Amino acid sequence: MVAKGVAPNVSLSSGNEVYSPSRGSGFSGTQQDGQAELYSRTYHRVFVARNTDSSRPGMPTANSWFVTVANMERQLSVFNYKIRVTCLPSAAQVPCPSPAPLQPACSGRGNCLPALPKFSFLYKTCQCQEGWGDYDCWRPVPLLANGATATAVMQPNTWAYWQLRVPLPPVGGIAAAAALPRPPALLVELNRGGAAGIGAVQEGTGLPGSGAGGGDPLLLVVPKPQSGSNQVPGFYDVSSDADLLSYFMQQALHYRLLRNPQLFLAAPFTSPENRTADFYVAVYNNNQRFVGGSQQPNQVANVTLRVRWTDLKTAAAPQNGTSSPPPPLCPGSCFGRGTCYDPQDPANAGKLPPPLLPPLPAVNGTTAKPADFQCACTADAGGTMCEGVLVRANLTRATGYSSGPNLAVAPGHWRYFVVQPDSRSFDYRYQQLSIGWVMRDRSPANASAYVNAFITINEQAFPRDSDLNGIAPFRRGWQIFYSTLAQRANPPLPLVIRGTDLTPGLSYVFGLYNSDYLRQVPYTTSLTVEPVAASPPPRPPRPPRPALAIPPQPPGQDWWWWVATPPPTEGEEHGGSSGGEERVRRPPPARARRLPPGWRYHAKGPGGGGGTAGGAGRQQMYSPPAMRVVSGSRQDAGRVAPPPAASRRRASNSGGQ
């Protein structure tokens, strides 16, 4: 970091870097080689104008320059460094990048060119010789032709690079490419090799893989920077330009298919008569995914690449009897089990065969992205590239699907099950899907070691078409490993999907895959999908009722009547007040009877008056609860009707005993 007038500093706040003074525009504030930080380059360089405004004007150090080196590595590692400061007489003397301070500009393998008009005049770039690349031309980057293949043996935590030059129409550049009858296409494929690479992938793809296999590769295809810096891809480009789906699902075949015309930007160093769209192809051999586990793949990667693109010059030329449109490009050549079509070719409008799965409806009013390719699979083949075996099932309220107990899955192979709940009979409100999955192989290993088997669940899409940026969980896709389920219970408990989480009218794809990254053995499996009744939702807790305080009761006085406030006239009759509650206490009858909870006994004499306990003509009455009864320490939730007026007066005149 470089600043004028004060020593620059950097600190971490909530994981973000905070600079002091702040990184300003032009040459003011803290200056830093941002590209070197993004791509973890070992060589940083900063150019500043000597007449830059000071960050601390009026201070004694206002005209002094300060350089700070900060170690932002969070692993507490120590590094050694050297600094060289050079004062140049003019901006014209600013050199091009070099791999180290004492090395020649452009590593002696390129020409130093002035900066492009829209960039800083100090931002000079290297035009590297063929076969070399990166910002200072120090890295070998072989040039691949259309249809070429290449191999690489990669150690863990290393990168390998290639470059492509796709010819553009001679007139119009990118505008002419956008006006082509069909969008351009650039396809880069990677075969990881191994048991799956020479078996499942090589079958019908025309892309043989190495028998050694191994590693954990990640494929990137990135347009060269418009700045002309020749910066090769790095971790900064993974989220936008890598084949993450193939990486996450441990596939043997990785691919990147580019169809957006805006990506085919002419490189800044080509002449108008020979315009090309330049791309970098990068492969990273990851060594961090399986760290800490009991098993790790063979760390050395043996990858095979193949690059193909449509000839834009031929596509721009008028079609006649001697020329034909370029053939469509499909990854893996549809695995030899399907026919490749270009859905974006106007000549195919209305002529394409129906896809295996209808396209998903657009979300939030957006326009659905057109498919980049379509494989019309034959027989029982299924998947985005016809790479698996497909089975369809229809679910009703009472019927499910069972694959049988001995379904074989070889390393690198897929089994797909497309399940369609019948919206006419399947009740999405009160039913749910129960997915039972059991597998075994010939090894003596425990089921918790079956790290090669996983199941995917997607909504009307195959797993290679998952939308990693989607909001809906089933559009992003689920990936569940058998070893994780077996650690909880063996055989695993069924997976349950609530009917309310499903979309009526859509199909759901269950995929079973056998990865050879960690284990290279076939397995047999069974899958059942059954509709079951959903558990009723839990009722919300009832609000607690207010507790009614019970005063201490003397012996023999364990029967209490709680009488609500009567009307004023009746209140005067028995001496009560018109406000609050009145508690009437009476001793138990001589011959007490056990009554149902909340019921009470009345003794009524002839003519409606009250009689004595042994009075003649007494009528026995049992009244149901109308207010509340408390008997001993038990409290009933019912309510008790007040006794007749005569009985209330007698109870009141008894002295409250």
Side-chain angles (χ1 to χ4, degrees), residues 177-189 203-207 243 245-246 253 255-264 308-312 314-320 323-363 365-392 394 414 416-420 458-467 470 475 477 503 505-509 511:
L180 291 173
R182 64 193 60 81
L186 169 61
L187 175 62
V188 180
E189 301 159 291
E203 299 171 359
T205 65
L207 180 59
D243 181 11
L245 283 172
S246 300
L253 178 68
Y255 73 90
R256 285 275 292 160
L257 177 58
L258 307 183
R259 300 298 308 269
N260 186 358
Q262 296 301 322
L263 294 177
F264 290 79
R308 293 180 288 172
W309 61 76
T310 55
D311 191 336
L312 300 182
T314 303
Q319 303 300 324
N320 50 45
S323 62
S324 59
L329 297 179
C330 288
S333 300
C334 298
F335 276 67
R337 298 193 288 265
T339 304
C340 180
Y341 292 92
D342 184 0
Q344 302 185 32
D345 189 347
N348 292 329
K351 301 179 182 179
L352 292 174
L356 293 176
L357 295 173
L360 282 167
V363 180
T366 59
T367 303
K369 176 181 177 294
D372 292 330
F373 68 95
Q374 178 179 337
C375 286
C377 304
T378 59
D380 60 348
T384 307
M385 301 171 290
C386 307
E387 70 275 14
V389 178
L390 180 66
V391 176
R392 294 183 180 271
N394 186 49
W414 281 96
Y416 294 120
F417 305 86
V418 179
V419 176
Q420 172 69 61
N458 293 81
E459 185 177 71
Q460 198 150 311
F462 291 104
R464 297 295 285 262
D465 297 324
S466 301
D467 183 7
R475 295 201 178 186
T503 304
L506 297 185
S507 301
Y508 290 84
V509 180

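Because the structure is predicted, anything quoted here is derived from the model rather than measured. Starting from 1, each residue takes its place in the sequence as its number.
With values rounded to the nearest 0.5 angstrom, Leu329 atom CG is found 11.0 Å from Leu258 atom CG. Between the CG atom of Asn394 and the OG atom of Ser507 there is a distance of 9.0 Å, given to the nearest 0.5 Å. Note that CZ of Arg464 is 3.5 Å distant from OG of Ser246, once rounded to the nearest 0.5 Å. Here the CD atom belonging to Glu387 is positioned 12.0 Å from the OG1 atom belonging to Thr205, to the nearest 0.5 angstrom.
In terms of heavy atoms, Gln420 sits closest to Leu506 at NE2-O, 3.5 Å. In terms of heavy-atom proximity, Leu257 sits nearest to Tyr255 at N-CD1, 4.1 Å. When all heavy atoms are compared, the tightest approach of Pro328 to Cys340 is CG-O, 3.6 Å. Nearest heavy atoms, Phe335 versus Cys386: CB-O, 3.9 Å. Here the closest non-hydrogen pair linking Cys330 and Arg308 is O-NH2, 3.5 Å. Residue Val418 comes nearest to Leu390 through the heavy atom pair CG2-CD1, 3.3 Å, listed as atom of the first residue, atom of the second, then distance.
Side chain of Arg259 to main chain of Asp372: a donor-acceptor pair is present (N/O by atom type, distance under 3.5 Å, no hydrogens or angles). A distance-only check finds a donor-acceptor pair linking the side chain of Thr310 to the backbone of Ala185 [under 3.5 Å]. Although no hydrogens or angles enter the test, the distance criterion places a donor-acceptor pair under 3.5 Å between the side chain of Asn348 and the main chain of Asp342. Not one N or O on the side chain of Asp243 forms a donor-acceptor pair closer than 3.5 Å with the backbone of Arg256. With Glu189 contributing its side chain and Leu253 its backbone, the two residues share no donor-acceptor pair below 3.5 Å.
Listed by chain and residue number, Gln460 satisfy the side-chain contact (heavy atoms from CB on, under 4.5 Å) test with Pro358 (two or more places apart in sequence, or in another chain).
Using a 4.5 Å heavy-atom threshold, the side chains of Thr339 and Cys334 count as separate. Contact of the Pro463 side chain with the Tyr416 side chain is registered, since non-hydrogen atoms from C-beta on lie closer than 4.5 Å.
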Got a list of side-chain donor-acceptor pairs under 3.5 Å for residues 373-380, not counting sequence neighbours?
from: Gln374; atom 1: NE2; to: Pro353; atom 2: O; distance (Å): 2.9
from: Thr378; atom 1: OG1; to: Arg337; atom 2: O; distance (Å): 3.1

